[in-house]
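Below: one structure, written as structure tokens.
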2 protein chains.
Amino acid sequence: MTNSLDLKIKKGDLLNADCPSRDILKRLLGRWSLLVLIALKQETLRFSALRRRIGGVSERMLAQTLRHMEEDGFIVRIAHDVVPPHVEYYLTPLGCEAETRVALLAEWLENNITGIMAHRQAFSAESGRHEEH
Amino acid sequence: MTNSLDLKIKKGDLLNADCPSRDILKRLLGRWSLLVLIALKQETLRFSALRRRIGGVSERMLAQTLRHMEEDGFIVRIAHDVVPPHVEYYLTPLGCEAETRVALLAEWLENNITGIMAHRQAFSAESGRHEEH
DNA sequence: CGGTATCCAAACTGATACTG
DNA sequence: CAGTATCAGTTTGGATACCG
């Protein structure tokens, strides 16, 4: 059962350019995907509610992101057949698992944001005195 | 001490477009930053070694990524003043912390990659029969 | 060896307008 | 309400050539 195909999907191969994880990673950690995961934590939201929740996202980008996430199995899209349209999104079990990992990262980041910003400023102040970008 | 400035950096505000975390997130989860974190886990590497380790990265992108990560305080760059040049990179304590969070996500992803890929194929097979995009 | 400079193609993004 | 279509601006990314 350990044929050549298994070798292409072996664990810990993210550093390999041919690893398919790269694709998923790109979508999972895209600018908006991560925020969608967090926004949908524990609750079902409609398209417009989601858009209001996630500051700065355009209709186009949100729609595209949601389609990709549905395609990858992170969220479920339910379109009720009424007028006006009523569409709901919520996380799949897989999406929930991803959300917990992403949330850990996000939480850590928010707790360390001040220090990071400070370091960035100190760094550019000391080494960027002679070059402006 | 709870003035208006604190309100702009309050926790859990990633969904707000004005939250500075957005900037950091963009860099931390960029295409290559995450791989650099993983590659430098527990070891110091030189530029070219890092480049060999991370499949598919160009010199330009690696250099840019490393500069950003140094600026944000995730890595340290040590340039030994010899010919030929010898430059080493390693994680700061902050970088290590980030790495553990990122590694959790990466590990989970690699363990679930098969299921995700399968879902994606099944999804496009069932709903993409009439449109090829 | 460890980069930077330049050029160019492709991808991403948002504003706007439109549709069922 | 929940999108899609189109267009234009910005960013990203790689190839190549060059430099200290």
Side-chain angles (χ1 to χ4, degrees), chain A residues 17-18 22-36 39-40 44-72 75-90 127-128 130-133, chain B residues 16-18 22-36 39-40 44-71 75-90 127-128 130-133:
Chain A
D18 300 328
R22 292 277 183 96
D23 278 341
I24 314 293
L25 206 60
K26 197 170 182 177
R27 290 193 173 184
L28 187 57
L29 300 186
R31 185 168 176 190
W32 305 115
S33 324
L34 183 145
L35 299 178
V36 168
L40 287 182
T44 295
L45 290 179
R46 301 176 61 169
F47 184 85
S48 48
L50 208 39
R51 185 153 131 75
R52 276 190 300 273
R53 198 96 204 291
I54 302 175
V57 68
S58 67
E59 289 187 352
R60 198 174 99 89
M61 282 302 106
L62 182 57
Q64 192 176 100
T65 300
L66 290 171
R67 249 184 290 115
H68 286 154
M69 293 179 71
E70 187 192 6
E71 190 179 335
D72 289 350
I75 62 173
V76 176
R77 175 183 184 274
I78 300 293
H80 301 279
D81 200 4
V82 295
V83 281
H86 187 111
V87 182
E88 294 179 324
Y89 295 91
Y90 57 89
S127 69
H130 41 74
E131 48 169 343
E132 291 299 312
H133 163 75
Chain B
N16 188 320
D18 300 327
R22 292 276 182 96
D23 278 340
I24 314 292
L25 207 60
K26 196 170 183 177
R27 290 192 171 185
L28 188 58
L29 301 185
R31 184 169 176 190
W32 305 114
S33 325
L34 184 144
L35 299 178
V36 168
L40 288 183
T44 295
L45 289 180
R46 300 177 60 170
F47 185 86
S48 48
L50 207 40
R51 185 153 131 73
R52 276 190 300 274
R53 197 97 203 291
I54 302 174
V57 68
S58 66
E59 288 186 356
R60 196 172 100 90
M61 282 303 106
L62 182 56
Q64 192 176 103
T65 301
L66 289 172
R67 247 184 290 117
H68 286 154
M69 293 179 72
E70 187 192 7
E71 191 180 334
I75 62 173
V76 176
R77 175 185 186 273
I78 300 293
H80 301 279
D81 199 4
V82 295
V83 282
H86 186 112
V87 182
E88 295 179 325
Y89 296 91
Y90 56 90
S127 69
H130 40 74
E131 47 166 344
E132 290 300 313
H133 167 59

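These numbers come from a predicted model, not from an experiment.
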Given C:dA15, D:dC1, D:dG3, identify the nucleotide with an atom nearest to the side chain of A:Tyr89.
D:dG3

Scan A:Pro84 against the nucleic acid and name what it touches under 4.0 Å (heavy atoms): base, sugar-phosphate only, or nothing.
sugar-phosphate

Please give me the minimum heavy-atom distance between A:Leu66 and A:Val36, naming the atom from each residue.
CD2-CG1, 4.0 Å

Contact class for B:Gly56 (heavy atom, under 4.0 Å): base, sugar-phosphate, or nothing?
sugar-phosphate

Would you indicate what B:Arg51 reaches in the nucleic acid, counting non-hydrogen atoms under 4.0 angstrom: base, sugar-phosphate, or nothing?
nothing

Check the phosphate of C:dG3 against B:Arg77, side-chain N and O only, distance under 4.0 Å to OP1 or OP2. Yes or no?
yes

Length of the CG-P vector between B:Asp23 and D:dT11, whole Å:
12 Å

Mind calculating the distance between CZ (B:Arg60) and C1' (D:dT16) to the nearest angstrom?
12 Å

Taken to the nearest whole Å, NZ/A:Lys26 to P/D:dT11 is 17 Å

Respond yes when some side-chain nitrogen or oxygen of B:Arg67 is under 4.0 Å from OP1 or OP2 of C:dT4, and no when none is.
yes

Using whole Å, what does the distance between atom C1' of nucleotide C:dA11 and atom CE of A:Met61 come to?
10 Å

What's the closest nucleotide to the B:Ala63 side chain, out of D:dA2, D:dG13, C:dG3?
C:dG3

Write down the distance between CD (A:Glu59) and C1' (C:dT13), rounded to a whole number of angstrom.
14 Å

Can you name the closest pair of heavy atoms from A:Arg22 and B:Ile54 and give their distance?
NH2-CG2, 4.3 Å

For residues B:Met69 and B:Arg27, determine if any side-chain heavy atom of one lies less than 4.5 Å from a side-chain heavy atom of the other.
no

Of all the heavy-atom pairs spanning A:Phe47 and A:Glu59, show the shortest one and how long it is.
CZ-O, 3.8 Å

I want to confirm an ordering. Mapping A:Arg31 and B:Leu66 to their closest nucleotides on DNA chain C, which one lands closer to the 5' end?
B:Leu66

Quick check: on DNA chain C, is the nucleotide nearest B:Phe47 upstream (toward 5') of the one nearest A:Trp32, or the reverse? Name the residue that is more 5'.
B:Phe47

Do B:Arg31 and B:Met61 have side chains that get closer than 4.5 Å, going by heavy atoms?
no

Whole angstrom is fine here: how far is it from CD1 in A:Ile54 over to P in D:dA2?
14 Å

It should be established whether B:Ser58 places a side-chain nitrogen or oxygen under 4.0 Å from OP1 or OP2 of nucleotide D:dG13.
no

Residue mapping more 5' on DNA chain D - nearest nucleotide basis, A:Gln64 or A:Pro85
A:Pro85

Rounded to whole angstroms, how far apart are CZ on B:Arg22 and P on C:dT13?
12 Å

Gap between atoms CD and P, on B:Glu88 and C:dG3 respectively (whole Å):
11 Å

Presence of A:Arg46 side-chain N/O under 4.0 Å of D:dA2 phosphate oxygens OP1/OP2
yes

